[in-house]
2 protein chains.
Amino acid sequence: MARIKDVAAAAGVSVATVSRVLNDSPSVNDETRRRVYDAMSALNYVPNAVARSLRTTATRTIGLIIGDILNPFFTELARGVEDEARREGYTVVMGNADERPDEQDHYVRTLLEQRVDGLLICPTAELTPLVQQLAEAGRPLVFLDRSIAGLDVPTVRSDGASAIAELVRHLREQGHRRIALASGPATLSTGRERTEAFAAAMAAEGLELRPEYVRPGDFREGSGRRITAELLDLPEPPDAVFFGDNLMTLGGLEEIRARGLRIPRDVAIASFDDVTWFKHIDPPVTAIAQPAAEMGRHAVRLLLSRVNGRPAASAVLPATLVIRRSCEGKGS
Amino acid sequence: MARIKDVAAAAGVSVATVSRVLNDSPSVNDETRRRVYDAMSALNYVPNAVARSLRTTATRTIGLIIGDILNPFFTELARGVEDEARREGYTVVMGNADERPDEQDHYVRTLLEQRVDGLLICPTAELTPLVQQLAEAGRPLVFLDRSIAGLDVPTVRSDGASAIAELVRHLREQGHRRIALASGPATLSTGRERTEAFAAAMAAEGLELRPEYVRPGDFREGSGRRITAELLDLPEPPDAVFFGDNLMTLGGLEEIRARGLRIPRDVAIASFDDVTWFKHIDPPVTAIAQPAAEMGRHAVRLLLSRVNGRPAASAVLPATLVIRRSCEGKGS
DNA sequence: TACCCTCATGAAATCGATTACACGGAGGAG
DNA sequence: CTCCTCCGTGTAATCGATTTCATGAGGGTA
């Protein structure tokens with residue numbers, strides 16, 4: 001491929017001048033500039049970002065590590081990140097941690113080697129030493145969706161507490177009393193928060209929260225299915241199940257369907273995370289929607305603040321309840 | 001951040017030796033190697049891939065440009081690409097073309113600047129001069145999902161012809177005669193192929209294909225909805241509609257639901273592309289499944305062949321019909 | 001005419017790695 | 001004892017850009 005030197009030779013100028021043209025420096029004569037452009041297109045010149053990055057120590061690249069690329073929530077998040085980064089002239093390098101700390105660390109390492117200007121992480125359950133060290137070294141870092149206690153890292157997440165309170169009230173109004181929670185892992189902030197908000201909401205509505213009705217999963221389809229089976233096998237199975245995320249809801253649907261049960265007559269369901277196709281399910285699924293794309297965009301804004309040496313404050317965006325038919329009363 | 005020079009100083013060796021340790025060169029004394037490793041971890045040394053790439057002219061990075069990150073088909077494709085690339089020690093840099101030629105070209109340019117070792121493209125409708133030039137320059141390039149005529153570029157796609165034939169037979173057996181197609185754009189190879197296979201299948205089953213029943217969309221939700229509306233507004237609306245991809249199916253579901261029609265009693269539907277949640281739709285949707293993840297993995301294998309100077313042959317993977325209830329006969 | 005600016009440009013150092021080549025010492029063969 | 005090999009290591013060139021500093025031409029002012 002053509003190098004800056006070749007362009008310089010073809011245009012009859014020095015490499016310094018070509019570089020000035022590349023970087024829109026004002027102190028280049030118009031006629032010279034034109035000659036340089038001509039040479040560039042004649043040679044199909046593509047500037048080498050690798051060399052430029054080495055010299056400038058900036059790559060105009062940010063890393064994004066998500067929990068699971070097949071989860072539509074993360075996909076929408078990624079979409080928001082992409083859009084905003086693109087707007088600011090940054091490229092996103094994405095890694096899929098598959099909810100595993102070792103995969104997460106693999107990508108952190110790779111992205112650090114590639115010298116991304118900043119890092120956006122949806123942290124997995126465990127705080128790994130690598131991530132901790134990164135945070136303590138003060139590198140531009142923003143957590144997304146999930147927070148980690150004790151680390152001073154700006155975080156963008158959504159607050160589902162009030163939506164969960166609304167949901168529990170809705171369930172009670174529809175006549176449901178024995179409400180179960182198939183939650184995320186207690187090791188994840190999102191898992192804990194949703195569990196706590198649910199417990200608080202149950203208390204507020206004067207409903208009893210039985211210990212056997214609260215079961216932690218791992219935010220993946222399999223655990224949703226397993227937990228649903230366990231709940232339905234209980235001597236006194238719940239009226240309604242609230243799932244911690246959309247994949248666990250999918251697992252729950254699977255199990256309920258396999259048993260030939262009817263929603264909401266036999267058991268009502270609700271989901272944290274809304275996804276497009278919930279409205280086409282039989283019956284349409286009541287869900288709590290997070291502003292995923294906006295979370296992604298906001299996180300990029302924070303990260304670029306940090307990259308440019310400006311401060312960044314954590315943000316909490318509201319989640320909202322979307323009522324559909326999967327929680328309707330037994331009588332209806 | 002610590003540089004190789006710092007590590008060398010701390011370990012009391014030259015940079016060449018540190019570099020040899022980094023690259024697992026056998027000709028380093030064990031004791032020396034240990035000292036170098038100690039120095040590296042004491043300094044939290046992270047090798048600079050930018051500098052390495054500049055010197056070696058390889059980045060161990062591949063670019064992937066997909067049509068739409070919110071389309072689960074592409075997501076699964078991306079997952080397959082990621083997995084295989086990771087296995088081979090490559091990082092994937094992904095760009096979302098949003099089905100727009102200009103966005104696609106933007107990412108092609110950016111990825112070229114970043115000097116990715118190879119490029120995986122799901123080409124948008126138009127063949128842009130940039131992509132054409134790339135192909136002609138013989139750069140490592142593989143097309144995914146969609147092919148472009150007249151270019152000698154290895155392509156990985158799936159063949160839906162036999163599955164479409166099966167589907168049409170199934171529809172006929174279920175008593176459907178007036179079958180419509182909400183297809184993809186004729187400018188896309190996938191759109192054309194599915195349309196042709198459908199026409200051939202209709203002929204093979206002795207069914208009439210009315211011109212007003214074949215309408216091209218753009219593989220996005222909106223066009224699925226619009227076409228469905230147009231079809232249902234026809235003086236003699238179709239019995240069954242076959243959608244060109246999962247997003248168009250989603251649009252169709254939307255419109256059918258909005259009109260209060262019942263599937264399959266009022267109109268039967270089937271989809272190209274299968275997605276997890278089709279089996280939970282009311283009623284479960286008959287679909288043609290593409291091996292998306294495997295397509296992604298295969299494409300990476302081809303691309304890395306090309307990167308390493310070996311030849312790569314195009315591949316066609318079979319798509320399979322998954323029968324569910326959305327096409328059942330009116331009487332059943 | 002002498003002096004000082006400004007403007008456009010070039011020469012060369014630099015970023016952090018890899019790698020060709022050189023070199024010194026140890027050990028074996030004759 | 002001399003010569004040759006091989007092993008482990010170091011020196012320095014190199015990749016392709018950016019950027020500092022120097023320079024020369026041209027124009028205005030005293």
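The structure presented is a predicted model; accordingly, all values stated were derived computationally and were not measured. Scope of the values below: all heavy atoms of this structure, side chains included, with no hydrogens, waters or symmetry mates. In what follows, chains are A, B, ... by sequence order, proteins preceding strands, each numbered from 1.
By the side chain to side chain contact (heavy atoms under 4.5 Å, CB included) test, A:S19 pairs with A:I4, A:N23, sequence neighbours left out. Applying the side-chain hydrogen bond (donor to acceptor under 3.5 Å, both in side chains) criterion to A:S53, with sequence neighbours excluded, gives no partner residue. With sequence neighbours excluded, the residues satisfying salt bridge (charged side-chain N to carboxylate O under 4.0 Å, His left out) with A:R297 are A:E294. Looking at residues two or more places apart in sequence or on another chain, you find a side chain to side chain contact (heavy atoms under 4.5 Å, CB included) between A:A11 and A:V13, A:V36, A:A39. Residues passing the side chain to side chain contact (heavy atoms under 4.5 Å, CB included) test with B:P185, sequence neighbours excluded: B:T187, B:L188, B:F219. In terms of the side chain to side chain contact (heavy atoms under 4.5 Å, CB included) criterion, B:R55 has no residue partners (sequence neighbours excluded).
Axis orientation changes by 60° from one end of the helix from C:dT1-D:dA30 to C:dG30-D:dC1 to the other, with each end axis drawn from 5 pairs and the value rounded to 10°.
Of the residues in residues 8-25 of chain A, A:A16, A:S19, A:R20, A:L22, A:N23 come within less than 4.0 Å of DNA chain D through at least one heavy atom, sorted by number. Within residues 31-56 of chain B, the residues that have a heavy atom under 4.0 Å from DNA chain D are, in order of number, B:T32, B:L54, B:R55.
Contact footprint of chain B on DNA chain C: nucleotides with an atom under 4.0 Å from a non-hydrogen protein atom, first to last in 5' to 3' order, C:dG16 to C:dA20.
Listed by first then second residue, pairs satisfying salt bridge (Lys or Arg N to Asp or Glu O under 4.0 Å) with a partner in residues 3-24 of chain B read B:R3-B:D6, not counting sequence neighbours.
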Using distance only, find each side-chain donor-acceptor pair of residues 133-140 of chain A under 3.5 Å and give its atom names and separation, not counting sequence neighbours.
residue : atom : partner : partner atom : Å
A:E136  : OE2  : A:Q132  : NE2          : 3.2

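Looking at B:T124 and B:Q104, their side chains do bring a donor and an acceptor atom within 3.5 Å of each other.
Between B:R34 and B:D30 there is no salt bridge, since none of the side-chain N atoms of the basic residue sits less than 4.0 Å from a carboxylate O of the acidic one.
Ranked by how close their nearest DNA chain D nucleotide is to the 5' end, B:R115 and B:N29 are led by B:N29. Where B:D30 and B:T57 meet DNA chain D, the nucleotide closest to each residue was compared, and B:D30 sits on the side nearer the 5' end.
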